[in-house]
Structures are given as structure tokens and as C-alpha cells.
Number of protein chains: 2
Amino acid sequence: MSEKVQYNEKQQQIMAVALRLFAENGYDKTSIRDIAREAEVNVAMVSYYFGSKDKLLEAVFINHFKSIRASFKVILNHRGDSATDKVSKIIDMFIDMLANRQLFHRLMIRESGILKQGPLFDMINEMKTANRRLVEKAVKNGQQLGVFRKDVDVFFMSSVLIGSVNQNMANTRYELEHRNITKEQREIIKHERTETLRTHLKRMFIAYLTDTNTP
Amino acid sequence: MSEKVQYNEKQQQIMAVALRLFAENGYDKTSIRDIAREAEVNVAMVSYYFGSKDKLLEAVFINHFKSIRASFKVILNHRGDSATDKVSKIIDMFIDMLANRQLFHRLMIRESGILKQGPLFDMINEMKTANRRLVEKAVKNGQQLGVFRKDVDVFFMSSVLIGSVNQNMANTRYELEHRNITKEQREIIKHERTETLRTHLKRMFIAYLTDTNTP
DNA sequence: TTGTTTTAATTAAACGTTTGTTTAATTTTG
DNA sequence: CAAAATTAAACAAACGTTTAATTAAAACAA
């Protein structure tokens, strides 16, 4: 029953470098030679281990996708105290999920814009659906308890959740990359921004779900 | 004082095709030969008119950027009745701005993820700043009138505005592209989604700005 | 432990394509 | 006739990938 070691050290090294370069410069702007140089392996090793550049990207995707899928399951089974607590918990866990996989999400967001089919397309689709289900469950729970308004839109909320977090992180990175500050300061500011995002997103969602003054 | 005709018919044709292919398949996955074929011109015409593929992208960007900048000016000078009306108007105009330039925004979102410097970088930065100023102005107005809470975050709100609209449109497109429906039905659904987005984003923002039940 | 064989890993070089771009000749336009 | 537009062809560079040769590691028999 023990989990097989899927990738050896060298393979993991290649995948790590590939992820970073794909995320920072884009898949097409990253050559196999770039990856090989930074991973300190021969160019032929990529084909030898992964078959092709496409398959390497796929391997990187599957690798992260598995752990993301697991994260979703954890969130879905979480039992919060109140309806609003559940919404808070979803936001927390979703932000954590993205914050812990920043490089992968940068890559994913970029690729999701042009994908039309194939395994990567399917994976991204599954994640979006999982996110919507998550929001739907929490919303319905609150509605049944009579705490949340009935006229809320799950598709909209899901878009806001994903889009806001993405944009907030992108803006933060965008801003930090062009300031002359130390790495430590960078991480502090990044952390502050994430915490602010957390607080305000919760407040905004709960206000949207519970506010009775707006029509 | 008459506006010079910047681009002749053929140039505009090339730019239109380039924008579409860049947006749909990505800049790097689009070859000059692809553009030339669909625009029904010789490959050499791109270099002849624009200098290079890079410059063509830049020309496409500048072209749209100018009209976007103009749109921002209109929004910034708008005089709504109440503080909430002003917020509503900003959301309306921002959504219209993106909805009317869907291809360009798809391209821009994608490229903004990997740009590190250069003219395109500067343009995108200006747009982000303009958006933040816009939100800031409306928020301060409402706060001075005592209608809005004091503890709201402009950086956060700007991220939510841009991110939510982007994500909503991306999700809608993603979903529609894989349904067997006519173009007319597609447009109807797209329009519905945009209207829902409008309504709910306004409600959410105003709830966030005015709600007094949440801490 | 040895020596031997087999498999896996690693390399430099080459391959065929595609890419963006340029050239030089020709046609169209003013 | 001169300038602009258009073309087919060619160019060098970069790309992903493969090949064939070599080295390192693992497996095995004595």
C-alpha cells in the first residue's frame, strides 16, 4: 500500500526548474535548453525522462493537481460552526491553497486562457467545478439556516473568489518585483497583503450574503 | 487639428487578425505566417508595415490602450448623484470597457503575467493605477459624506473589480466554447452573464462599503 | 569479496522543422 | 516616370527531438 516514488531526484529537479521558468517566462518562451541549463542536466535528459516538452508540462500539472484535489476534499468535508464560519473557512483554505502554490497558479492561469482541450484543460475544468461546488454547498447551508439571502449567484461568487485572489496576488507581485527591497521585506509585505485580502474578502462575502439594505 | 489616419486598411486588417490570434492562441503560438494567411497578405507585409512581430504586438496594444485611456478619463470625470451611484457607475463603465474589448483583454491578461519591463509593461501599469485611482476617488467621496465605512481597502477593491470581471468573462467563455449552441444563443447567454455580474458586483461592493453588522 | 554482464544514465553532436526576417524582383499606384 | 505595395524565395537562428557512443550503476555468478 506504500506510495511508489514517482520521480527520482533528477526528475524532480527538472520539474522544479521547468515550473519556475514556465511560470516566470511562459511555456513557449522557455526552451528545453533553458531548463537543462538551470537544472544542470543535458538537454536530452528531458526527452529521456518525460518524452517531450509537452509531456513535461503535463507531468508538472498532474503533480500539483493531485495535491490540489486533495486540498479540495479537505475543504469540502470541513465542518464549521456557523454558516458564516464555513464561508470564512472556505476563503481561508482557498487563499492558503493558492498562496502555497504561487508558481503553479501563475502557470495555470496563463495556460487556462488558451487551452481548448486535452488533459490540462480537463484538470483546470475540474478545479473550477470543485470551487463552484464548494461555494454552492456553503451558500445553501446558510440559506437553509435562514442566515443568507436567497438571491445570491454561485457562479458569480465563484468568479469573485478565484478572480480576486488571483488578481490580488498578481498585483502584489507586480508591485514588489519593481521595488528595491530585500527578500525578507518582500515576504513581509506579501504576507500582509494576503492577510488583508483574507479579512476583507470574508467581510465582503458575508456582507453580500447577509446584507438586507441593498435590493 | 484633424486626426491623422494612422493605419491604412491593410494595416488594420493585419492588426485585427493579429489581435484575434494572439488572444485565442497566445502570442508565441501565433506565427507571422498564421497572421499573413488569415489576413490574406504576404508574410513580408508584416515586417514591411510594422517592422517586426514584437512591434506589431506593440502597435495592437497602443491602439487599444489609447481608447482605454480615454474611457478612464470619462469615468473619472463622471458626476453621479449619490456616493453609491458613483460606485455603480464605475462598475458599469468598467464592465462595459472590458466587454467591448474582450479579445484585447484576453491578450492583455495573458501577457501581463510575464511582462517585466518595456512599453507594454508600462501601459498595463498605467491602467492598473488608473483603476485604483478611480476606486479611491469614489470611496473617499462616500467616506466624506459619511455613507461608507472608513476601514475599506482600495488595493483590495481594485483587485476584486478587475479580477472578478476577468474571471467571470473567462469562465463564461470557457463554458460556452464547449456547448453545442448557436452563435446567437451564445451571445444571449454571454449578455445575461454580464448583466448578472453587473447587478451582483454592485450589490456586493455597496454591501462591503456600507454594511455595519460585520466587524 | 571478486569479476562479469546487463541495465540505466549521461553526453555531444546532429537532425529536420519552424521561426522571424530580409532580399531582390515585380506589380500597382500616384 | 517615381514611389509604394506586393511577391516568392532565401536566410540564419532557434527550436524540440533523436542518435550513437560512453560512462555509471545495478544485478548476478563464482
Side-chain angles (χ1 to χ4, degrees), chain A residues 4-62 107 110-111 114-120, chain B residues 2 4-63 107 110-111 114-120:
Chain A
K4 272 260 182 76
V5 178
Q6 259 204 302
Y7 299 107
N8 64 38
E9 228 174 272
K10 215 132 227 178
Q11 285 172 307
Q12 288 178 32
Q13 199 178 344
I14 292 172
M15 288 170 76
V17 171
L19 170 62
R20 205 189 73 238
L21 295 182
F22 288 163
E24 285 177 356
N25 309 322
Y27 174 78
D28 294 294
K29 285 195 161 66
T30 304
S31 73
I32 289 189
R33 284 170 178 84
D34 291 335
I35 299 168
R37 193 184 315 114
E38 297 218 19
E40 294 177 302
V41 297
N42 190 275
V43 276
M45 296 304 286
V46 173
S47 302
Y48 177 73
Y49 276 132
F50 297 96
S52 68
K53 191 188 174 188
D54 259 2
K55 287 280 176 61
L56 169 59
L57 175 65
E58 203 180 308
V60 170
F61 254 81
I62 291 174
L107 169 62
R110 187 174 157 83
E111 293 310 311
I114 59 162
L115 283 172
K116 286 159 186 71
Q117 51 167 341
L120 304 197
Chain B
S2 70
K4 271 259 183 76
V5 178
Q6 258 205 303
Y7 299 107
N8 64 38
E9 227 173 275
K10 214 131 228 177
Q11 285 171 307
Q12 289 177 34
Q13 198 177 347
I14 293 172
M15 288 170 76
V17 170
L19 170 62
R20 205 189 74 239
L21 294 182
F22 287 164
E24 285 177 354
N25 308 322
Y27 174 77
D28 293 294
K29 286 195 162 64
T30 305
S31 73
I32 290 190
R33 283 168 179 85
D34 291 335
I35 299 168
R37 193 184 316 115
E38 296 218 21
E40 292 176 305
V41 297
N42 190 278
V43 277
M45 295 305 286
V46 173
S47 301
Y48 178 74
Y49 276 131
F50 297 95
S52 68
K53 192 189 173 188
D54 259 1
K55 288 280 176 62
L56 170 59
L57 176 65
E58 202 180 309
V60 170
F61 252 81
I62 291 174
N63 204 30
L107 170 61
R110 190 175 155 82
E111 293 309 311
I114 59 163
L115 283 172
K116 285 159 187 69
Q117 51 167 343
L120 304 197

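All values below were derived from every heavy atom in this structure, side-chain atoms included, with hydrogens, water molecules and symmetry-related copies excluded. So that the names make sense, note that chain A is the first sequence line, chain B the second, and so on, each numbered from 1.
One atom, CG of A:Asp28, and another, C1' of C:dT18, lie 13 Å apart when rounded to the nearest Å. Rounded to whole Å, the distance from CG on A:Asp34 to C1' on D:dA14 is 11 Å. What separates NZ of B:Lys29 from C1' of C:dT19 is a distance of 14 Å, to the nearest Å. Atom P of nucleotide C:dG20 and atom CZ of B:Phe50 are separated by 15 Å, given to the nearest angstrom. Here C:dC15 presents its P atom at 19 Å from CD1 of A:Ile32, a figure rounded to the nearest Å.
Within a 6.0 Å radius of NZ in B:Lys29, other residues, nucleotides and ligands contribute more than 12 heavy atoms.
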Taking N or O atoms only and anything under 3.5 Å, show me the protein contacts with nucleotides 3-7 of chain D, one pair per line.
{"residue": "D:dA5", "atom": "OP2", "partner": "B:Tyr48", "partner atom": "OH", "Å": "2.9"}
{"residue": "D:dT6", "atom": "OP1", "partner": "B:Lys10", "partner atom": "NZ", "Å": "3.3"}
{"residue": "D:dT6", "atom": "OP2", "partner": "B:Tyr49", "partner atom": "OH", "Å": "3.4"}
{"residue": "D:dT7", "atom": "OP2", "partner": "B:Asn42", "partner atom": "N", "Å": "3.2"}

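Judged purely by atom type and a 3.5 angstrom limit, A:Asn42 has no side-chain atom pairing as donor or acceptor with the backbone of A:Met45. In this structure, B:Gln11 contributes its side chain and B:Asn8 its backbone to a donor-acceptor pair below 3.5 Å. Judged purely by atom type and a 3.5 angstrom limit, B:Asn63 has no side-chain atom pairing as donor or acceptor with the backbone of B:Val60.
Scanning residues 52-60 of chain A for heavy-atom distances under 4.0 Å to DNA chain C yields an empty list.
Across all strands, B:Ser31 comes closer than 4.0 Å only to sugar-phosphate atoms, never to a base (heavy-atom distances).
Legend: ring pair (Phe, Tyr, Trp, His ring centres under 6.0 Å) pairs involving residues 26-55 of chain B, not counting sequence neighbours, sorted by first then second residue: B:Phe22-B:Tyr27.
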After noting the C-alpha distance and the side-chain angles of B:Asp54 and B:Glu58, does the key distance pass the side-chain contact (heavy atoms from CB on, under 4.5 Å) rule?
CA-CA 6 Å; B:Asp54 259 1; B:Glu58 202 180 309; over 6 Å; no
Would B:Ile114 and B:Glu111 satisfy side-chain contact (heavy atoms from CB on, under 4.5 Å), going step by step from the backbone distance to the final call?
CA-CA 6 Å; B:Ile114 59 163; B:Glu111 293 309 311; 4.1 Å; yes
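Between A:Leu56 and A:Ile32 the shortest side-chain heavy-atom distance does not fall below 4.5 Å.
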